[in-house]
Amino acid sequence: MNIRRKRRLRYSVVFGSLILAFAVIVVLNINTGNVKISIPDILRILFLREGKEVEYNIIWKIRLPRLLMAAVLGGALSLSGFLLQTFFANPIAGPFILGISSGAKMVVALTMIFFMHRFRQVSSSALIIAAFIGSLISIGFILLMSRKVNHMATLLVAGTMIGYICSAITDFIVTFAEDSDIVNLHGWSQGSFSGMSWGNVRVAFLIVGLTFVCTFFMAKPIGAFQMGEGYAQSMGINMKMFRVVLILLSSVLSASVTAFAGPISFVGIAVPYLIKHALQTSKPLVVIPGTFIGGAVFCMICDLIARMAFAPMELNISTVTSIVGAPIVIYMMVKREKGR
């Protein structure tokens, strides 16, 4: 068996495993809860729109929107991490580590307090725009730092410090919010996929779907950039425009996650690493869809754990992703040091 056939076999096994895991976790998420619904009843409700009214409402109004949002936003967060790792040429770079999620959280908190105080409601589009602005503010500071600092470790520390500053500003803002707003902000800031509606699903699917397609069409220039900036320029790639597009795509993806589910940690670092390690390649054409599906599966599993580990009490999604993702990141750092 030649190398090309071995590679194709590995790709088939990895993607087949991801799709199987996706299907299994979908069934488990819909089936598991305070009200258990049998698989035949689930299939009848999903495909024939028939069944008991209570079970029908549980699936279509609560569990399915939440499940789809976990999948879409998990994929978005993982893909954002992959783009940032490509941009900074560092596997530890991610929306949470670099303070991008904290910047988005800061501006979203400001927006939520302002809109709730004046209009008593906040549209999803306003939250996404606010999160996008916050992401760009954080990443703007990081890019300014990158001009002064050449060492990547120092840049990552600077990103972490930016995250702490944004979190401190957010806490300061919350101090002046009304009690009812503080409850909403606290619940959102801890990260959760609960309370999702079909309207949220449609908006998230549209934004993340379009961004995913744009990222996929960027696969060739991303692959050239991975070979080195000089090689990418020799291929006719406008590096200034390429960097801007890469940052914008990453910011839109991470902003969408923060706007809907709050800041979620470690997914953007751990999943791209696991997928690249499983596929044994960094080719964007393969890694981009793999990372997206892997992120969807990862977040759906973490959401199931968050719901059921101490039911009926629910854990914050970021708590679970930290417990699962942080050891992977530590392993990455240790392995990287040993490889030097």
Side-chain angles (χ1 to χ4, degrees), residues 18 21-22 25-26 29-30 62-84 94-96 100-105 108 122-132 134-135 187-216 249-272 274-275 288-307 314-322 324-325:
L18 285 173
F22 186 91
I25 201 65
V26 163
N29 266 280
I30 296 176
I62 300 174
R63 292 183 185 174
L64 201 56
R66 176 172 182 157
L67 174 66
L68 291 175
M69 284 298 279
V72 171
L73 298 182
L77 197 55
S78 301
L79 192 55
S80 175
F82 169 72
L83 292 175
L84 288 172
F96 190 80
I100 297 169
S101 295
S102 297
K105 175 184 171 183
V108 168
V122 191
S123 67
S124 56
S125 58
L127 290 181
I128 292 169
I129 292 169
F132 179 67
S135 298
W188 168 83
S189 66
Q190 297 302 307
S192 177
F193 294 118
S194 64
M196 297 298 178
S197 66
W198 282 105
N200 296 145
V201 173
R202 282 191 289 269
V203 174
F205 188 83
L206 178 65
I207 293 171
V208 174
L210 287 173
T211 311
F212 173 83
V213 171
C214 293
T215 304
F216 193 76
L249 291 174
S250 176
S251 297
V252 169
L253 290 167
S254 59
S256 300
V257 178
T258 306
F260 285 111
I264 300 175
S265 56
F266 292 105
V267 179
I269 302 174
V271 174
L274 292 173
I275 294 299
I288 287 171
T291 298
F292 193 89
I293 300 171
V297 172
F298 186 88
C299 278
M300 287 193 295
I301 292 171
C302 289
D303 188 48
L304 181 62
I305 295 170
R307 285 199 299 119
E314 185 173 314
L315 295 173
N316 301 316
I317 187 65
S318 203
T319 301
V320 181
T321 57
S322 297
V324 178

Exercise: identify the closest heavy-atom pair between [X] and [Y]:
X	Y	value
Ser254	Ile100	OG-CG2, 3.7 Å
Leu84	Ser250	CG-OG, 3.2 Å
Val257	Ala76	CG2-CB, 4.0 Å
Ala131	Thr258	CB-CB, 4.5 Å
Ala21	Val297	CB-CG1, 4.1 Å
Gly195	Asn200	O-OD1, 4.2 Å

Judged by atom type as modelled, is there a donor-acceptor pair below 3.5 Å linking the side chain of [X] to the main-chain atoms of [Y]?
X	Y	result
Thr291	Ile288	no
Arg66	Met196	no
Asn29	Val26	no

Mind checking the [atom1]-[atom2] spacing from [X] to [Y]? Nearest 0.5 Å is all I need.
X	Y	atom1	atom2	answer
Asp303	Thr321	CG	OG1	10.5 Å
Leu206	Thr211	CG	OG1	9.0 Å
Leu249	Thr215	CG	OG1	4.5 Å
Phe193	Ile317	CZ	CD1	5.0 Å
Arg307	Ser192	CZ	OG	10.5 Å
Met69	Phe205	CE	CZ	12.0 Å

Looking at side-chain heavy atoms only, is the closest gap between [X] and [Y] below 4.5 Å?
X	Y	result
Leu73	Cys299	no
Val201	Val72	no
Leu253	Phe212	no
Leu18	Ile275	yes

Taking it one step at a time, do Val271 and Phe82 satisfy side-chain contact (heavy atoms from CB on, under 4.5 Å)? CA-CA 9 Å; Val271 174; Phe82 169 72; over 6 Å; no
Examine the side chains of Ser265 and Ser318 and answer whether a donor and an acceptor come within less than 3.5 Å of each other.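 The criterion, which ignores hydrogens and geometry beyond distance, is satisfied for Ser318 and Ser265.
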